[in-house]
Every structure is written in C-alpha cells, then in structure tokens.
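In what follows, a structure is listed as structure tokens, so that the remarks can point back to it.
These values consider heavy atoms only, across backbone and side chains, with no hydrogens, waters or symmetry-generated copies. Reminder, nothing fancy here: chain letters follow the sequence lines and each chain counts from 1.
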Amino acid sequence: MIELVRREGGVAYLRINRPEVLNALDAEHFAQIFKALEEVAKDQAVKVVILTGVGRAFCVGADLGELRKYYERGEKINHGDILRERYNKLVLKIRTLEKPVIAAINGVAAGAGIGIALMCDLRVASDQAKFILAFGRVGLVPDSGLTYLLPRLIGHGRVFQWYVDNNELSAAEAQRLGLVDIVYSHEDFEKRVEELAYKIANGPLKAFALLKRAINRFYLGELVEALEYEAFLQEVAGYTEDHYEGVMAFIQKRQPKFKGN
Amino acid sequence: MSQVGAMSSVVDVSKEPPLGIITINRPSALNALSLEVVNKLIEALDDLENDSNIKVAIITGTERAFSVGADIKEMVNLDVAEVYLRGHRRLWERIRRFKKPIIAAVNGYCLGGGFELAMACDIIIASEDAVFGQPEINVAIIPGEGGTQRIPRTVGRLLGMEYVLTGRFISAYEAYRRGLVNKVVPRELTLEYAKRLGRDIAKKSLLALTLAKDAVNSAWETPLSVGLDYERRNFIIALFSEDGREGIRAFIEKREPRYKL
C-alpha cells in the first residue's frame with residue numbers, strides 16, 4: 001500500500017510499502033499514489049513531501065507480476081498506454097506540484113524507480129542504495145523520462161553502456177555521476193532526511209516554489225514531448241519477441257536468449 | 001482609479017487611465033460567457049471607447065479561468081433566432097470595431113469562446129499555467145466565434161485542424177511556441193505585465209495606434225496588394241496628422257512628444 005503520513009511542521013511522507021516485491025508499482029498502487037499526491041497538493045499544512053520506500057528497496061518500477069498473466073497467455077500489452085496512464089502522469093505530477101519533493105532513496109532503485117527519483121527536486125540516497133537500470137534485461141527502453149534526463153546528466157555514451165551492462169551502481173557512484181545529490185549513511189538515513197525536510201519546510205517556501213517553476217520552464221515543454229515519445233518507443237519495444245523472452249526468462253529465473261527482434 | 005458598476009456585476013470595469021480594465025467576474029461558472037456577460041462586455045467596451053482618458057483596454061478573467069466560453073447550459077435552451085439575432089456575434093463584432101488596442105490577460109482556463117475572445121484581442125499575455133483549447137467537438141458542436149478561422153491563420157492548417165478536431169488542451173508554453181500568445185509570465189504577474197505593456201503602448205499617439213492596428217488586421221483579412229494599399233493610405237494619414245508631425249518634430253528636437261490624443 002501507499003502510506004501518506006503527515007507530520008507536524010509541514011513534512012509529509014509518501015511511502016511505498018510493498019517490500020515483498022521491492023516496492024514495484026501496479027495499477028492499484030498508482031491509483032493510491034495519485035490520490036495521495038492530490039491530497040498533499042491541496043493540504044496547505046504540507047510544505048515538503050518525502051517520497052520513499054519501506055524495506056530494502058526504494059522502488060523497482062513496474063510490477064512484472066501484474067503483467068505475468070498476460071504474458072503466460074501470450075497476450076501482447078501496449079506499454080505505451082501504461083506509460084501514458086501511469087508513469088508519465090506521475091513524473092509530471094511530481095514536477096508540477098508546487099512543493100519540494102525529496103526522493104529518499106533508502107535502498108534499491110531500479111527501472112522506472114530511478115526515473116521517478118530523478119524527477120524529484122532533491123535526490124537523497126542511503127549509502128546502501130543501489131541503482132540498476134534493468135530495462136535492458138527485458139528488452140524495453142528506459143522510460144519515466146529517463147531517456148530525456150539521463151543523457152543530460154551522465155552523457156549518452158554512459159547511458160548506453162549502463163543499459164548494455166545493466167551493472168549495479170553504488171550510491172557513491174550515483175552521486176559522482178550526478179544521479180544523486182546527497183548521500184547519508186544508512187544508520188541515520190531517516191533521521192538526516194527528516195532534518196533536511198524540516199530545514200526546507202522552514203525555508204522561504206514561496207521562493208522554492210518559484211525556483212521549481214523556473215526549472216520547469218527550462219525543460220517541462222520538452223519533457224512532455226519526450227515522455228510521449230518514450231511511450232511510442234515502449235509500445236514498439238513491448239511488442240517485440242525479445243521483450244517477451246526477457247520477461248519469461250525473468251519469471252523462470254534463467255538467462256534470456258535474445259534474437260534481435 | 002475609479003470603479004464603475006456594482007460589485008455584484010458579472011463584468012467589472014476599472015479605470016486606471018490610460019488603461020481601462022475589464023474583468024469577467026463569474027468565477028463560479030469559470031467565467032462562462034452568458035448573454036448577460038456578453039451584454040456587459042459590449043457596454044464596457046462602448047464605455048472605454050468613448051472615454052477619452054482611456055487609450056488601451058485590457059480584458060482579463062479571475063484566478064482559475066479567463067473564460068471557458070459560451071454558457072452551454074444557457075445556450076442549449078435558446079432557439080436559432082435568439083442565437084442568431086441576440087447571441088455572441090454582437091460581442092465579436094463589437095471587438096472587431098473597437099478602435100483602441102485590446103490586451104487579453106489570461107489566467108487559467110481559456111477555452112472555446114473564451115479562447116476565441118482572447119484571439120479577437122490584439123495581444124495575448126498568458127500565465128504559465130494558462131490552458132487553451134477549442135473543446136467544442138467533444139459535445140458535437142464546433143467553434144462558432146472564430147476558432148476555426150483564427151487558429152489556422154496563426155498555426156497553419158494542419159495543426160489548426162488537430163486542435164479543432166481533437167479539442168485537446170494546449171499548454172501556455174505550447175501556445176507560445178506556436179505563436180498563439182505573445183508572452184508567458186508567472187501567474188502572479190499576468191495582469192500586472194499586461195498593464196505595463198498597456199502603459200507602454202499608451203505612450204504612443206492614439207491615432208497612430210488605431211491606424212497601425214487597422215493596417216495589421218488588414219494584413220490578415222485581405223490579399224497582399226489590397227493590404228499594401230490599405231497600409232499606404234493609413235501611413236499617409238498618420239504622416240500628415242497633427243500627431244505625426246509632432247512625433248517627428250519631437251524626435252528631431254530630442255524631446256518628448258505631446259500628442260493630441
């Protein structure tokens with residue numbers, strides 16, 4: 001479930017609490033996140049939002065279990081529409097919420113989970129956090145704005161390399177590459193994140209909102225188009241045999257045999 | 001500054017010479033253009049045109065909407081004669097014949113007849129969260145006050161067709177990119193910026209403004225050869241007007257001009 005906890009002093013926690021699937025997101029959880037975001041947008045008492053996960057993961061993006069029944073029946077899924085209805089809406093909601101959103105990356109961030117974290121205003125990671133791009137394993141393209149933000153943050157060559165290798169990045173590496181702004185030690189991660197959130201909550205909030213609008217002006221128009229393009233690409237990728245093979249190999253816990261189509 | 005009209009009016013006129021500011025004030029209906037609003041807008045425009053202290057008019061709405069267009073609840077009960085004889089067309093004809101420059105200051109929703117009202121003005125200033133569109137097609141009608149004519153003249157036939165056939169919303173930034181609005185500003189400053197621009201324009205000769213406005217409009221409405229003749233005639237009138245002589249003399253003598261109007 002998605003927990004919305006409003007603390008006194010203007011800090012709200014939005015916690016993805018599905019540790020059994022490393023906080024993967026399905027339709028039901030997206031609906032809950034949208035509802036929670038609507039509430040924090042309306043609630044004047046909420047000044048700062050912390051987006052985080054429960055357990056050893058922050059968020060690993062799509063819930064393959066949700067899609068499993070379609071794949072096992074051999075049904076094709078339009079991944080473009082899933083992006084339009086869920087991920088693209090979510091990242092745009094995070095960008096247009098006129099309150100600072102902190103991604104508190106408490107553990108594993110994978111797939112769209114990385115995209116969601118990057119769209120937040122501040123990316124704070126535990127030193128135990130790990131970053132796995134993961135899309136390559138199931139023959140999909142990075143989404144949730146990753147094809148837009150990653151080349152700008154780390155350069156397109158490194159994006160390609162990371163996609164091909166699918167290697168795990170440590171918090172320190174992620175910080176060096178600019179994917180993460182701050183790293184705190186795991187022992188006092190929650191405490192430090194909360195201190196940071198209260199510092200922001202007691203700051204010049206109107207000015208923060210104006211800064212966010214300036215940053216949005218800088219790339220929101222392009223981002224909207226990039227997200228729509230990603231949706232088209234994911235639709236194409238989602239219909240390939242390699243995608244189907246990647247998902248089946250993942251479910252059957254074996255190495256995929258890709259054929260290139 | 002003087003307030004004209006009762007506070008409860010659906011259209012407020014405030015005079016801050018040289019500016020006359022018309023506010024559509026029906027926020028509970030997102031400033032839908034009921035026949036009452038239309039009649040009051042016509043009265044307000046008559047008033048501002050006849051007031052020699054006013055050189056530039058501004059039309060604006062309220063916080064969440066400039067206007068969402070015709071009041072469809074009212075319109076659905078009108079018969080064809082009422083719509084044809086007493087309907088909105090009189091407002092658009094009034095604006096078309098309005099001699100002074102009109103600036104639309106757009107916050108929030110600017111849809112259907114609201115968008116057409118803005119496009120009938122001479123300059124459009126949009127807040128960054130303004131939303132434009134011609135959604136008539138969604139209720140099986142079509143734009144009736146210039147949408148199908150003015151949009152294609154600005155953005156071209158293909159994109160104009162897309163807007164009119166899909167009824168989709170157009171963000172302020174997209175509208176800016178397509179030349180549908182002059183400038184995008186933070187919502188706190190939409191009216192303020194329109195006033196600044198209005199005061200700058202009001203420093204010019206009213207006769208020259210009127211002649212120039214007419215000439216630009218003829219660029220839209222006539223073949224080039226006719227428009228060029230029209231421009232030449234207006235140029236001659238301006239050149240030999242008292243204001244024209246004064247303006248040129250002041251420029252040569254390096255002093256501020258003193259215009260008659």
Just wondering, more than 12 heavy atoms not from E231(B) lying within 6.0 Å of its CD? no
Take atom OH of Y109(B) as the centre, draw a 6.0 Å sphere, and report whether it contains more than 12 heavy atoms from other residues, nucleotides or ligands. no
Greater than 12 external heavy atoms within 6.0 Å of K206(A)'s NZ: yes
Are there over 12 heavy-atom neighbours, none belonging to K35(A), within less than 6.0 Å of that residue's NZ? no
Counting neighbours of CZ on F160(A) that are heavy atoms of other residues, nucleotides or ligands and sit closer than 6.0 Å, is the number greater than 12? no
Counting heavy atoms not belonging to R89(B), are there more than 12 under 6.0 Å from its CZ? no
Over 12 non-hydrogen atoms of neighbours within 6.0 angstrom of CZ in R199(B): yes
Under a 4.5 Å heavy-atom cut-off, does chain B meet the side chain of E98(A), its backbone, both or neither? side chain
For L189(B), I'd like to know if atom CG has over 12 heavy atoms of other residues, nucleotides or ligands within 6.0 Å. yes
Do any of residues 171-187 of chain B come closer than 4.5 Å to chain A, heavy atom to heavy atom, and if so which ones, in number order? Y173(B), R177(B), P186(B), R187(B)
Tell me the residues of residues 116-128 of chain B whose non-hydrogen atoms fall below 4.5 Å from those of chain A, in number order. E128(B)
